[in-house]
Amino acid sequence: MAEQNTTGAGGTAASGYDPQKVEAKWQKRWAEARVFETEADPSKPKYYVLEMLPYPSGTLHMGHMRNYAIGDVVARVKRMRGFNVLHPMGWDAFGLPAENAAIKNKTHPRTWTNNNIAEFQRVLHRFGFSYDWRREISTCEPEYYRWNQWFFLRMLERGLAHRKKSLVNWCPKCRTVLANEQVINGGFCWRHEETRVESREIEQWFLKTTAYSDQLLDDLKQLEGGWPERVILMQKNWIGKSHGAKVKFAVAGAAGAGPIEIFTTRIDTIYGATAIILAPAHPLVTKLLEGSPMRAEAEPKLAQMRQTSVKTEDLATMEKEGFFTGRYALNPFNDEMLPIWVGNFVLMEYGTGAIMAVPAHDQRDLEFCRRYKLPVRVVVQPIDGEELVAEKIETAFDEPVQGKLVNSGPFNGLSPEEAIAKMTAFAEQKGFGCGETVYRLRDWGISRQRYWGTPIPVVYCTKDGMVPVPDKDLPVLLPPNPKLTGEGESPLAATPEFVNTKCPKCGGPARRETDTMDTFVDSSWYFYRYCDPHNDQAPYDSAKVSYWFPIDQYIGGITHAILHLLYSRFWCKVMRDLKLVQHDEPIQRLFTQGMVLKGGVAMSKSKGNVVGAIEMAEKYGADTGRLYTLFAAPPEKDLEWSEESIEGSWRFLNRVYRLIERHAEAVRSVKGGKVEAVSASLKEKTLLRRAHQTLRRVTSDFETRWHFNSAIALIMALANEISDHEPLEQGVRPEVRKEVLELLTLMLAPMTPHLAEELWEMLGHAEGLWKVSWPAFNQELAREEEVEIPVQVNGRVRGRIKVAVGSAESDVVRLALALPAVAQHMNGKRVVKQIYVPDKLLNLVLG
RNA sequence: GCCGGAGUGGCGGAACUGGCAGACGCGCCGGACUCAAAAUCCGGUGGCCGCAAGGCCGUGAAGGUUCAAUUCCUUUCUCCGGCACCA
């Protein structure tokens with residue numbers, strides 16, 4: 001790729017195509033004509049297409065670009081199809097990198113952020129994406145984040161925002177709290193993949209996502225067909241609903257301790273319980289140890305376990321460890337005394353933090369009981385297959401559908417399914433248990449001990465306690481000049497002019513909350529703001545939102561399958577309950593595009609493998625860059641960036657340019673008139689047929705299949721076909737050339753909009769292509785007259801015949817049998833069966 | 001471990017509902033133009049055998065269903081992604 005400047009941006013003597021000039025020209029015209037500006041208009045069908053808003057971080061690379069190129073194709077196709085299209089863009093502008101960069105460069109996070117935004121704007125403009133820029137939002141502006149605060153206050157009123165002391169994931173490098181979702185690989189920071197997350201106990205603000213567990217789960221049904229199945233599945237798993245029962249076990253002989261409540265999905269196996277196991281963090285553990293003979297031995301183990309248990313490190317492979325508390329619990333079903341243990345594999349965060357160990361029917365319990373020599377008792381025998389013997393079990397029998405109960409008193413003989421129902425009812429009747437549904441989903445911790453985020457709008461008054469900031473005092477502004485050192489816990493706490501305030505209730509001295517909000521708050525509702533971006537009375541006008549919503553098509557990376565999309569769904573449900581929207585789900589269709597890789601990994605600054613979008617635009621032009629990212633792979637797949645292959649797209653656009661340049665003058669002289677199939681010559685018919693066949697397939701690739709790569713392949717093939725018929729002057733009238741070349745141009749328009757405008761103008765149109773509708777497919781012109789049918793003998797192609805479309809089977813067979821190659825392979829044998837797929841294929845099966 | 005997804009030429013990929021595997025592009029080979037190069041244009045390009053006509057093999061592997069399988073079924077291997085002591 002040395003000395004490539006003659007190839008790229010400079011253009012070549014062989015072609016007049018100068019993308020730099022063409023693209024600037026049309027971008028200017030679009031802006032002057034305000035082509036992409038749009039207003040709610042109930043008389044027109046709407047289409048809301050949105051790409052996930054970017055975090056403006058230094059360089060806009062080809063990975064971003066691909067996302068926007070896909071969205072822009074959709075937006076432009078829908079516009080050509082007559083929709084009123086909303087296609088906005090904005091900035092996810094709060095966040096840690098800005099703050100870290102500010103510390104490093106001794107500037108303000110705002111400076112860094114706004115510089116990056118300016119750069120992103122420049123690149124997006126350079127690519128000519130069809131955004132309504134008047135709607136641009138930046139989440140770090142008070143006019144935006146005041147509504148974060150407003151929503152927070154509404155949630156506070158409804159009990160959906162609350163404070164609780166909790167163990168949090170603390171990243172020593174970020175010096176802040178991470179959400180569970182931000183802890184990856186079993187204990188590492190999502191931003192610093194080599195940094196192990198620690199745990200600390202701090203007062204934190206939470207949003208009550210768990211209040212909507214069932215709705216978040218059930219409403220996934222509304223998304224089926226519109227969202228990728230795997231995303232729905234990932235959310236389902238994340239919510240992790242499971243049915244079971246809670247059972248209380250009375251504790252024998254420990255004053256003030258108990259009863260212990262356990263959660264199980266297999267109450268049918270309760271006669272097989274041989275121990276009770278508590279999570280190390282379980283509050284009863286300390287009480288149980290008081291006065292226990294095992295106390296001295298157990299306490300150091302507990303201390304050690306409590307320290308390490310919260311570190312999720314290597315959970316899966318970690319040895320199951322535990323100790324006996326010296327206490328016993330009573331199994332309410334059979335009054336059996338069960339030893340109470342503490343086990344490192346029992347999680348305080350799930351269920352009740354306590355389990356019954358049924359070693360015969362749970363693999364984890366089995367491993368634990370074998371290790372500590374606890375007894376194993378079989379209570380479910382398989383219906384068919386070998387009878388289980390407790391002493392010999394190596395793998396727990398945990399398949400509930402194929403068994404029947406034994407050793408279970410009055411429940412013997414029942415299937416596990418029946419037993420679960422009857423035993424749950426029995427427990428409820430006796431008052432020591434009940435059916436229970438538990439979730440894996442937890443509340444969303446939004447507190448961050450950082451500067452560059454939305455201040456949480458509450459104050460603490462010595463007299464009145466926690467007091468919400470009144471709506472009229474919003475926004476709570478970030479102090480303009482924080483001390484950002486990267487040391488200590490929160491920059492806001494170190495800024496007295498921010499912290500010290502007056503209590504809104506009593507007017508006395510008060511302290512402001514110094515936590516700021518997780519940036520996922522910003523991105524949970526930003527797409528509503530686009531509908532009404534400058535409203536200073538409310539987050540948005542509901543009428544506008546109800547016109548544009550739900551989002552018809554959302555496009556972004558699979559990386560946001562859980563966090564962003566789950567929080568957004570939650571936010572929507574809260575807004576619905578606040579009567580701010582009417583729908584249950586904000587996003588009707590979701591498309592997750594693949595990443596752009598370089599050297600097998602996603603482009604990122606830290607990996608140093610970024611291909612800058614602006615460099616591509618300067619070298620080849622925006623249209624070539626857009627076309628290539630769409631052509632190189634189907635949009636949902638990852639794409640390995642290849643500097644070599646992009647040349648193909650560049651060459652193709654030059655070919656098209658030269659082709660149209662060559663015929664522009666002849667075409668321009670054509671005065672109106674539709675092309676009729678009847679009057680066309682053979683050569684003309686071929687071209688018209690090919691053009692309309694291409695149109696049919698490209699239309700479906702754009703609208704339903706989203707196979708942009710194969711759509712482009714078809715358009716390339718059409719261009720090749722046209723060139724193959726050169727010189728068109730011989731036998732192709734200008735009006736036919738016009739029809740064919742215009743179709744070619746219009747089909748390219750959604751992907752290479754600048755070039756298409758230029759070609760459209762060259763073809764003699766005074767009005768911009770942006771005013772033109774998607775072309776109508778002409779069935780008559782597309783119809784084939786003759787087809788070539790492969791003739792198979794015993795399933796192998798032995799010859800081909802040309803017949804008129806719709807020929808009778810008997811005629812086709814007669815012609816086929818006359819082929820010498822077919823006769824030769826018949827080898828005197830008889831045809832025992834013939835399969836004819838009309839106009840497609842003939843297969844002769846010999847006896 | 002569980003749940004998804006994917007394996008097609010040297011490479012990216014195409015093949016819509018079971019009907020001609022390899023469209024389109026990259027790369028490569030050959031040719032034209034040129035003093036030469038770049039650009040452009042033309043031709044070739046899955047493997048094996050063959051001078052050729054042609055034949056055989058071929059969509060991760062092995063079976064199966066079918067007149068016909070990249071496509072459907074069973075088994076299996078590899079890679080990628082998600083979740084993971086969730087009781």
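In the text below, chain A, chain B and the rest are named by the order of the sequence lines, each starting its count at 1. All values below come from the heavy atoms of this structure, side chains included, with hydrogens, waters and symmetry mates left out.
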#### Entry: Distance in angstrom units between A/Met234 CE and B/C2 P, rounded
19 Å
### Query
Separation of A/Phe708 atom CZ from B/G12 atom C1', in whole Å?
18 Å
### Query
If you look at every strand shown and take non-hydrogen atoms under 4.0 Å, does A/Ser642 touch a base, only sugar-phosphate, or nothing?
nothing
### Complement of B/C83, any strand, by Watson-Crick or G-U distances under 3.5 angstrom
B/G1
### Query
Counting N and O atoms only, with roles assigned by atom type, does the side chain of A/Asp638 sit under 3.5 Å from a partner on the main chain of A/Met595, one being a donor and the other an acceptor?
yes
### Task
Have a look at A/Arg697 and say if it touches a base, only the backbone sugar-phosphate, or nothing, with a 4.0 Å heavy-atom cut-off.
base
### Query
Side chain of A/Thr265: nearest nucleotide among B/A84, B/G19, B/A87?
B/A87
### A/His825, nearest nucleotide to its side chain (from B/G55, B/C20, B/C86)
B/G55
### Task
On RNA chain B, check which nucleotide each of A/Arg651 and A/Arg705 is closest to and give me the residue with the more 5' one.
A/Arg705
#### Entry: Candidate nucleotides B/C24, B/U40, B/C67, ranked by approach to the side chain of A/Lys833 - the nearest
B/C67
### Query
Which atom pair, heavy atoms only, marks the closest approach of A/Met62 to A/Gly625?
CE-O, 4.3 Å
### Task
Would you classify A/His243 as touching base, sugar-phosphate or nothing, given that sugar-phosphate means primed atoms plus P, OP1 and OP2, and contacts are heavy atoms under 4.0 Å?
nothing
### Query
Is A/Arg696 touching bases, backbone alone, or none of the nucleic acid, heavy atoms closer than 4.0 Å?
nothing
### Message
Could you identify the nucleotide paired to B/G54, looking across every strand shown and requiring Watson-Crick or G-U wobble geometry with both distances under 3.5 Å?
### Response
B/C49
### Query
Nearest to the side chain of A/Asn709 - B/A14, B/C86, B/C20?
B/A14
#### Entry: Residue A/Asn720, side-chain heavy atoms: nucleotide from B/C24, B/A87, B/G13 that is nearest
B/C24
### Query
Is there a donor-acceptor contact under 3.5 Å linking the side chains of A/Asp214 and A/Tyr439?
yes
### Message
Let's see if you can work this out: which of B/G55, B/C24, B/A87 has an atom nearest to the side-chain heavy atoms of A/Ala713?
### Response
B/C24
### Query
Heavy atoms under 4.0 Å, any strand shown: does A/Leu841 hit a base, just sugar-phosphate, or nothing?
base
### Task
Classify the nucleic acid contact of A/Val832 as base, sugar-phosphate or nothing, counting any heavy atom under 4.0 Å across all strands shown.
nothing
### Query
Which residue lies toward the 5' end of RNA chain B, A/Met716 or A/Ala354, if each is placed at its nearest nucleotide?
A/Met716
### Query
Going by modelled atom types, is there a donor-acceptor pair between the base of B/C3 and the side chain of A/Arg230 at under 3.5 Å?
no
### Query
Can B/G9 be described as syn, meaning its chi torsion is within 90° of 0, or is it anti?
syn
### Message
Which nucleotide wins on minimum distance to the side chain of A/Arg655, given the candidates B/C41, B/A15, B/C85?
### Response
B/C41
### Query
When you measure from the side chain of A/Asn344, which nucleotide among B/C85, B/G12, B/U40 comes out closest?
B/C85
### Message
For the P atoms, the ones on B/C20 and on B/A39, what distance do you get once it is rounded to whole angstrom?
### Response
38 Å
### Query
In terms of side-chain heavy atoms of A/Leu347, which of B/A14, B/C83, B/A87 is nearest?
B/A87
### Task
Tell whether A/Asn237 reaches the base of B/C83 with its side chain through a donor-acceptor pair below 3.5 angstrom.
no
#### Entry: Any donor-acceptor N/O pair, A/Glu726 side chain to A/Leu728 backbone, under 3.5 Å
yes
#### Entry: Watson-Crick or G-U wobble partner of B/C24, both distances under 3.5 Å
B/G12
### Base B/C85 paired with A/Lys320 side chain (donor-acceptor, <3.5 Å)
yes
#### Entry: Distance, rounded to the nearest Å, where A/Phe263 contributes CZ and B/A87 contributes P
7 Å
### Message
Nearest whole Å is fine: how far is B/A14 P from A/Leu639 CG?
### Response
11 Å
### Task
For A/His282 and A/Met348, indicate whether the former's side chain and the latter's backbone hold a donor-acceptor pair under 3.5 Å.
no
### Message
Within the 3.5 Å criterion, strictly below it, is a donor on A/Gln235 or A/Arg569 matched to an acceptor on the partner's side chain?
### Response
yes
## Note on the structure
Using Watson-Crick geometry (N1-N3 plus N6-O4 or O6-N4) or G-U wobble (N1-O2, O6-N3), each under 3.5 Å, B/A6 is paired with B/U78
### Query
Starting at CZ of A/Arg800 and ending at P of B/G54, how long is that distance when rounded to a whole Å?
12 Å
#### Entry: Expected output: side-chain A/Arg440 to main-chain A/Tyr350 donor-acceptor under 3.5 Å
no
### Query
Among B/C67, B/C56, B/A87, which is the nearest nucleotide to the side chain of A/Asn843?
B/C67
### Task
Please check the phosphate of B/C20 (OP1 and OP2 only) for any side-chain N or O of A/Arg798 closer than 4.0 Å.
no
### Task
Find the distance A/Ile232:CD1 to B/G81:P and express it as a whole number of Å.
22 Å
